[in-house]
Amino acid sequence: MEKIKMTTPLVEMDGDEMTRVLWKMIKDELLLPFVDLKTEYYDLGLEYRNKTNDQVTFDSAEATKKYGVAVKCATITPNAARMPEYNLKEMRKSPNGTIRAILDGTVFRAPIIVKGIEPYVKNWTKPITIARHAYGDVYKGTEMKIPAAGKAELVYTNEAGEETRELIHEFDGPGIIQGMHNLNSSIESFARSCFNYALDTKQDLWFATKDTISKKYDHTFKDIFAEIFEAEYKDKFDAAGIEYFYTLIDDAVARVMRSEGGYIWACKNYDGDVMSDMVATAFGSLSMMTSVLASPNGYYEYEAAHGTVQRHYYKYLKGEETSTNPIATIFAWTGALRKRGELDQLPALMTFADKLEKACIDTIENGEMTGDLYLISTLENKKKLNTEEFILAIRKTLERLM
């Protein structure tokens, strides 16, 4: 069979640990035999990030701006324990955070639903997509320990040197404070990304904050969303037959638990971090969660929602058998290939992405799966496969579909 052609490269961001091992297996068994793969490669493994003083991360993000579509492997965000393990010069920042800030994008995460993996919330029959703002809040917060009694204030100094002050607290003993910020321009990008994604996927959009308590910070999010929706998107939503509405975050949680799914739930940065893991776990497995960073400027970066699977990697290094789920990483590739095909008008590439995803789902629904799914699957006839066996089983299913 002649390989499917590509005209524009994907930006390929390699990663760390077990997901790096999966990355090569997926390319060798599921992509290169079928697609004349064109990528611009960046090694975002921690060792090379350290060697380049993280310049490779910045370069990969700029390349994504150039080509429009990227696919990223999971990467290590180092903690203190990683410093001696990788002989790091300094504790590098999260590459995801760096890339998100450069692309000014919003992270959309949705579960992959398969027969036999039943949601813990029984009425969830359709996927719930979490849209997470990817800038600011606690992730760029400044913190201080207060050693003793005293006054803490927020101080803003304008370019003319004039000060505005707000009292935080009059301390009568030790405590802690944290300063957070966000940017109107980033919130505007977040809103437009959410509205565009809702129109692309024909799904209702919910947005939730706590504006009744946070009357300036959270209320600004609410106001910006409302203004942009009314000015730019209301007619488009009406024509598409979809809805946008705002509610409080606690009300949103209650509504989500009672719903059947099938919508986008937009959250501020921390809320989205927590709720995406909750939704992924409730649908069955974080290894069955897609993730795409979408920018209002038309840049897309696809990745798995989970980490580098460190425990399995240490087993792999010892030569022990692993049963690591590659589905989310495969779907990162299919998402990127489908978007590349859409932008370049290559229907064969889009069809291949669809067939590879179907091959993954069909393989699991036929009872062949990795250990994490084996433990929770309700299928009667099921078989636990190791990592390599599962990827080869997907290839056999894909070959039949092709």
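Values below: every heavy atom of this structure, side chains too, minus hydrogens, waters and symmetry copies.
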### Message
If we ignore hydrogens and angles and just use 3.5 Å, is the side chain of D16 paired with the main-chain N or O of T308 as donor and acceptor?
### Response
no

### Query
Can any side-chain N or O of D211 pair as donor or acceptor with the backbone N or O of S214 at less than 3.5 Å?
no

### Summary
The side chain to side chain contact (heavy atoms under 4.5 Å, CB included) partner of E260 among V121, N123, T125 is T125

#### Entry: Test item: D372 side-chain N/O and T324 main-chain N/O as donor-acceptor pair under 3.5 Å
no

#### Entry: Any donor-acceptor pair under 3.5 Å from N79 side chain to R82 backbone
yes

### Message
Can you tell me if M91 has over 12 outside heavy atoms packed within less than 6.0 Å of its CE?
### Response
yes

### Task
Give a yes or no answer on whether the side chain of R49 reaches the backbone of L44 with a donor-acceptor pair at less than 3.5 Å.
yes

### Task
Looking only at non-hydrogen atoms, find the nearest pair between E29 and F34 and report the distance.
O-CE1, 3.8 Å

### Task
Could you tell me whether the side chain of Y316 reaches within less than 4.5 Å of the side chain of H312, counting heavy atoms only?
no

### Task
Start with the C-alpha distance between L205 and I242, add both sets of side-chain angles, then the distance that settles side-chain contact (heavy atoms from CB on, under 4.5 Å), and finish with yes or no.
CA-CA 8 Å; L205 174 66; I242 58 176; over 6 Å; no

### Query
Given side chains that start at C-beta, do those of T98 and T57 come closer than 4.5 Å, heavy atoms only?
yes

#### Entry: Donor-acceptor pair between D104 and S189 side chains, under 3.5 angstrom
yes

### Task
Please confirm whether F283 and W124 have ring centers closer than 6.0 angstrom.
yes

### Residues E368 and K384 bridged, charged N to O under 4.0 Å
no

### Lys/Arg cation over aromatic Y139: R132, 6.0 Å, 45° cone
yes

### Message
Check this for me: E47, atom CD, are more than 12 non-hydrogen atoms of other residues, nucleotides or ligands nearer than 6.0 Å?
### Response
no

### Task
Kindly check if the number of other-residue, nucleotide or ligand heavy atoms within 6.0 Å of NZ (K89) is above 12?
yes

### Query
If you look at every heavy atom in K115 and E365, which pair is closest and at what distance?
N-OE2, 2.7 Å

### Task
State whether a side-chain donor-acceptor pair under 3.5 Å links E40 with Y67.
yes

### Message
Taking the ring of H181 and the ring of Y135, is the distance between their centroids below 6.0 Å?
### Response
yes

#### Entry: Main-chain N/O of A294 paired to S193 side chain as donor or acceptor, under 3.5 Å
yes

### Query
So does K210 have more than 12 non-hydrogen atoms from other groups sitting under 6.0 Å from NZ?
yes

### More than 12 heavy atoms from other groups under 6.0 Å of CD on Q178
yes

### Message
For E188 and N184, which I'm curious about, is there any donor-acceptor pair between the side chains at under 3.5 Å?
### Response
no

### Task
For atom CD of E85, decide whether the heavy atoms of other residues, nucleotides or ligands shown that lie under 6.0 angstrom number more than 12.
yes

### Query
Quick one: salt bridge (Lys or Arg N to Asp or Glu O under 4.0 Å) pairs with a partner in residues 307-332, sequence neighbours left out?
none

### Task
Can you see which heavy atom on E357 is nearest to which on G335, and at what distance?
OE2-N, 4.3 Å

### Query
Hey, does H306 have a side-chain heavy atom less than 4.5 Å from the side chain of T329?
yes

### Query
For Y233, is the NZ or CZ atom of K236 found under 6.0 angstrom from the centre of its six-membered ring and inside 45 degrees of the ring axis?
yes

### Task
For D137 and N182, test the side chains for any donor-to-acceptor distance below 3.5 angstrom and give the result as yes or no.
yes

### Message
Checking N386 against S323: is there a side-chain donor and acceptor pair closer than 3.5 Å?
### Response
no

### Basic-acidic side-chain contact under 4.0 Å: E170, K151
no

#### Entry: T397 and D362: CA distance, side-chain angles, deciding distance, side-chain hydrogen bond (donor to acceptor under 3.5 Å, both in side chains) verdict
CA-CA 7 Å; T397 308; D362 286 355; over 6 Å; no

### Message
Heavy-atom count check: over 12 atoms from other residues, nucleotides or ligands less than 6.0 Å from K3 NZ?
### Response
yes

### Message
Could you measure the distance from the NZ atom of K339 to the CG atom of L349? Nearest 0.5 Å is fine.
### Response
12.5 Å

### Query
Ring centroid separation for F237 and F195, is it under 6.0 angstrom?
yes

### K145 atom NZ, neighbour heavy-atom count above 12 within 6.0 Å
no

### Message
List the residues meeting ring pair (Phe, Tyr, Trp, His ring centres under 6.0 Å) with F171, not counting sequence neighbours, and say none if there are none.
### Response
H169

### Query
Between the side chains of Y42 and D14, is a donor N or O closer than 3.5 angstrom to an acceptor N or O?
no

### Task
Check whether the ring centres of Y244 and F207 lie less than 6.0 Å apart, and answer yes or no.
no

### Message
Are V11 and V71 packed together at the side-chain level, in the sense that at least one heavy-atom pair is separated by less than 4.5 angstrom?
### Response
no

### Query
Does the side chain of T64 reach to within under 4.5 Å of the side chain of I99, using non-hydrogen atoms?
no

### Task
Taking all non-hydrogen atoms of both residues into account, name the closest pair between Y263 and Q203 and its distance.
N-OE1, 3.5 Å

### Query
Is K234 positioned over the aromatic face of F229, cation under 6.0 angstrom from the ring centre and no more than 45 degrees off axis?
no

### Message
Side chains of E243 and W206 only: does a donor on one sit below 3.5 Å from an acceptor on the other?
### Response
no

### Task
Taking all non-hydrogen atoms of both residues into account, name the closest pair between L30 and I391 and its distance.
CD2-O, 3.8 Å

### Query
Is a donor on one side and an acceptor on the other found under 3.5 Å between the side chain of K72 and the backbone of Y302?
no

### Task
Would you check, one step at a time, whether the test side-chain hydrogen bond (donor to acceptor under 3.5 Å, both in side chains) holds for T209 with Y246?
CA-CA 8 Å; T209 70; Y246 173 85; 2.6 Å; yes

### Query
Is K93 salt-bridged to D54, going by a charged N under 4.0 Å from an acidic O?
no

### Query
Which pair of heavy atoms, one from C360 and one from F331, lies closest together, and at what distance?
CB-CE1, 3.9 Å

### Query
Would you say the side-chain atoms of T378 pair up with the backbone N or O of G116, donor to acceptor, closer than 3.5 Å?
yes

### Query
When you measure from the side chain of T129 to the backbone N and O of F108, does any donor-acceptor pair fall under 3.5 Å?
no

#### Entry: Side chain D273, main chain N269, donor-acceptor under 3.5 Å
no

